[in-house]
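Quick note on labels: first sequence line is chain A, next is B, and so on, each numbered from 1.
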Amino acid sequence: MDKYEQVIEMAKRRGFLWNSFELYGGTAGFYDYGPLGSTLKRRIEQIWRETYVVQEGYMEIEAPTVGIEEVFIASGHVGGFSDPLCECKNCGEAFRADHLVDKIVAVADTLSDKELDKVIRENNVRCPECEGELGETYEFNLMFKTQIGPGSGRQGYMRPETAQGMFVDFLRLARFYRDKLPFGATQIGKSYRNEISPRQGVIRLREFTQAEAEIFIDPNDKKHTNFSRFADTLVNLYSDEAQDRGIVDKMSLAEAVEKGIIAHEFLAYQIGLTNHFLQRVGIVADKLRFRQHKKDEMAHYAIDCWDAEIETDRFGWVEVVGIADRTDYDLKAHAAVSKTELSIYREYSEPKMVTQFVVKPNMGKLGPLFKGKAKDIAEALKAMSVEELEKDNIKVTVDGEELIVPKEIVEFAEETVKISGENIIPHVIEPSYGIDRIFYSTMEHAFEEEMVAGKDDTEEEEARIVMRLKKEVAPVQVAVLPLLTREELITPAKNVEIQIKQKGLLVSYDDSGTIGRRYRRNDEIGTPYSITIDYDTLEDNTVTIRDRDSMKQVRAPIEGIADLLYEMIYIGRDFESAGKAL
RNA sequence: GCGCCGAUGGUCUAGCGGCUAUGACUGGGGCCUUCCAAGCCCUAAACCCGGGUUCGAAUCCCGGUUGGCGCACCA
């Protein structure tokens, strides 16, 4: 049994992850998060919010998961997010059309559907299964389609990423941030991809959770004001060049920027932030690296792109975060499709005096003379040079028609104008997180089976499954356990439970089975602390606190126990300082 | 999507044409119990779905669903 199997088996048994629709046989690519799973996931998301929204100041928005066609035409998903399929007319089997002809044409994956059909017909390619005739090639789009409204309502798609919501809201966001770069927005939510064959459990899902930030920055200034925070941070960098060597470099982010390995400071800062976040939720530092996209795998519009990869037992290095400088590609694409300028006005620190050639047609005369064509003529005149305008009769061509404009109704001059700023299209830095993959990695890295001494100091050792989750992400934070199932212990235990609940901690009360069994149950789900109420409690109002990782105990007064636990879980207070060691 | 292999209580598993379906762990109730899966009693809980072959199918055959692996795909 490998670690994946062990983790998934436990996750299923204890209520972290379940196959969706199991009652009806299940469907690949969908998972339910059980009571503990959804709590753990929510805690990871909460730390992400704390990191990106609270600390970085990139406010969260919430756009619909259903999008209209225009959005995905602009994003390129309607046209590009698909594979060409081709069905056999005889047996109905579907094939990748480009694969059917890749022995015939070298560049099969670059051909259009029509070109593929042509190659298939000219070479008499038949169905590989039954030798039947093949139908026409069509695009199988990886987006889930849906209908908005009844009848012939408009075509909608389930979003394949949350990013587009932030791009579409760009002008509103710019206004919200009072037109000052850099600014950013974030979104945590579900995205959908109709994968042809999802595998690998929660690593590849048809419905998954993304956390994305779109940070809009000045294309001329990619420094980061807070770069010093991560300048000396050492990260595992697997650059394009390092991949050729096959060796991961451990390097400070400042050095990586200096050497030009990471394109610029802003991107390096984002790598530092991702490195910080992943370790905070419990990813082991040695099993984390940043891999640079090779030149040929990077999208053509991107300047630089790094994936955070986590090493897992079964799947090897899994990509969990993509961090890219997408330049102005997305804003330009939406500007083109929406016919709306998506730019921001940036004021210069000092206004510039610019000398420029200005043409001023006299519209009061141009109008009556040329009627409806006047506007087009004026535009044409503005584009002309001094030489042309100095002629007595200025020739203008509008809609293929040559017209003569009298010299006296056009004024032009060299003018010096004050320009105090310009419209710029920001560049986008996009950290894009796959939360489900991080969730699984967190569990796998925390999962441990260790041998511990058995009862009564016998030679026998026994296995203990313990999830060493970070205290901050553990779903159950405190277990309250009366040592024995007796009324006189149960009552004070219930009182302790109430006190801890009031502090907002998730507490689980458990009096079923022996104390050892209850400790093990809580170890398995990663509960960091267990409070045990025993007979000394009745004497002096103290309880024991047991530490999950060391199995050590300290004794502390009930008074203030909830505050103490809160500090240990969230503020990093030492376990040893919590009470008298036992 | 293709090929190969699998699917039995919550979990892991026995079964190889005669089933009233093994066992362990877990869960629930109780007895006992003063700190790390102890013991005893009671109890709940399963043949993935649909066809076929057969007197008889968990078992053999076909199809589907689903899981794993390889190919392909994907970031």
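When distances run from any side-chain atom of A/T485 to the nucleotides B/U33, B/C35, B/G68, the shortest one goes to B/U33. Considering only the side chain of A/K12, B/U11 comes nearest among B/C36, B/U11, B/U34. With B/U66, B/C35, B/U33 as the candidates, the nucleotide lying closest to the side chain of A/A28 is B/U66. Closest contact between the side chain of A/R314 and the listed nucleotides B/C35, B/U34, B/C69 involves B/C69. When the nucleotides B/G27, B/C74, B/U33 are ranked by their closest atom to the side chain of A/L484, B/U33 comes out on top.
Rounded to the nearest Å, the gap between the C1' atom of B/C12 and that of B/U22 is 13 Å. On the P atoms, B/A46 is 26 Å away from B/G39, given to the nearest whole Å. Here the separation of B/A37 from B/U33, taken at their C1' atoms, is 15 Å to the nearest Å. To the nearest whole angstrom, the two C1' atoms, one in B/C25 and one in B/A14, are 15 Å apart. If you take atom P in B/C40 and the same atom in B/A24, they sit 11 Å apart, rounded to whole Å. Nucleotides B/C4 and B/G23 have their P atoms positioned 37 Å apart, rounded to a whole Å. Going from the P atom of B/C48 to that of B/U66 covers 16 Å, rounded to whole Å. The separation of B/A58 from B/G18, taken at their C1' atoms, amounts to 13 Å, rounded to a whole angstrom.
Residue A/Q210 is classed as having no contact, given no heavy-atom separation below 4.0 Å to the nucleic acid. A/R13 comes within 4.0 angstrom of the backbone, heavy atoms only, and of no base. Residue contacts shown for A/E319 include a base, since a base heavy atom lies under 4.0 Å away. A/T544 comes within 4.0 angstrom of a nucleotide base, judged by non-hydrogen atoms across all strands. In this structure, A/R518 reaches neither bases nor backbone, as no heavy-atom distance under 4.0 Å exists between it and the strands shown. Residue A/G322 is out of contact with every strand shown, counting any heavy-atom pair closer than 4.0 Å. Nucleic acid contact class of A/R546 (heavy atoms, under 4.0 Å, all strands): base. Looking at heavy-atom distances under 4.0 Å, A/G201 makes contact with sugar-phosphate atoms alone, never a base.
The base of B/C35 sits with one of its N or O atoms less than 3.5 Å from a complementary donor or acceptor on the side chain of A/Q553. Evaluation of atom-type donor-acceptor distances gives no pair under 3.5 Å for the side chain of A/Y24 against the base of B/C49.
B/A46 makes up no base pair with any nucleotide shown, lacking Watson-Crick or G-U wobble contacts both under 3.5 Å. B/G39 and B/C31 make up a base pair, with Watson-Crick or G-U wobble contacts both under 3.5 Å. Pairing for B/U54 is absent, with no Watson-Crick or G-U wobble pair whose two atom distances lie under 3.5 Å. Pair assignment for B/C69 gives B/G3, based on Watson-Crick or G-U wobble hydrogen-bonding distances that are each under 3.5 Å. Using Watson-Crick or G-U wobble geometry with both donor-acceptor distances under 3.5 Å, B/A21 finds no partner in any strand shown.
By the 30° and 60° cut-offs, the orientation of the rings of A/Y269 relative to A/F266 is tilted.
For B/C40, the glycosidic angle deviates from 0 by more than 90°, giving an anti base.
Rounded to whole Å, atom P of B/C36 lies 9 Å from atom CG of A/L483. One atom, CD of A/E22, and another, P of B/A46, lie 15 Å apart when rounded to the nearest Å. When the P atom of B/C49 is taken as reference, atom CZ of A/F21 falls 20 Å away, rounded to whole Å. Here B/C25 presents its C1' atom at 11 Å from CZ of A/R14, a figure rounded to the nearest Å. When rounded to the nearest whole Å, the span between CZ of A/R486 and P of B/G30 equals 15 Å. Taking atom CD of A/E487 as the reference point, atom P of B/G30 lies 12 Å away to the nearest angstrom. Rounded to whole Å, atom C1' of B/C36 lies 14 Å from atom CG of A/L582. If you take CG of A/D510 and C1' of B/G27, they are 12 Å apart, rounded to a whole angstrom.
The cationic group of A/K552 does not satisfy the cation-pi geometry with A/F575, failing either the under 6.0 Å distance to the six-membered ring centre or the 45° limit from the ring axis. Cation-pi geometry between A/R291 and A/W306 is not met: the NZ or CZ atom fails to fall both under 6.0 Å from the ring centre and inside 45° of the normal. For the pair A/R546 and A/Y519, the cation-pi test (distance below 6.0 Å, angle within 45°) is passed.
The ring-ring contact (aromatic ring centres under 6.0 Å, His included) with A/Y33 is formed by just one residue from the set A/F16, A/W18, A/F439; it is A/F439.
For the pair A/T327 (side chain) and A/Y301 (backbone), a donor-acceptor distance under 3.5 Å is present. Side-chain atoms of A/R548 come within 3.5 Å of backbone atoms of A/M467 as a donor-acceptor pair (strictly under, hydrogens ignored).
In this structure, A/S512 reaches the B/G28 phosphate: one of its side-chain N or O atoms is under 4.0 Å from OP1 or OP2. At the phosphate of B/A38, OP1 or OP2 sits under 4.0 Å from a side-chain N or O atom of A/T514. Of the side-chain N and O atoms in A/R517, none sit less than 4.0 angstrom from OP1 or OP2 of B/C35.
Residue A/T532 is the one, among A/D307 and A/T532, whose nearest nucleotide of RNA chain B lies closer to the 5' end (criterion: closest heavy atom). Take the nearest nucleotide of RNA chain B for A/E9 and for A/I465: the residue whose nucleotide is more 5' is A/E9.
A donor-acceptor contact closer than 3.5 angstrom links the side chains of A/E444 and A/Y440.
A distance of 6.0 Å or more separates the ring centres of A/Y192 and A/Y157.
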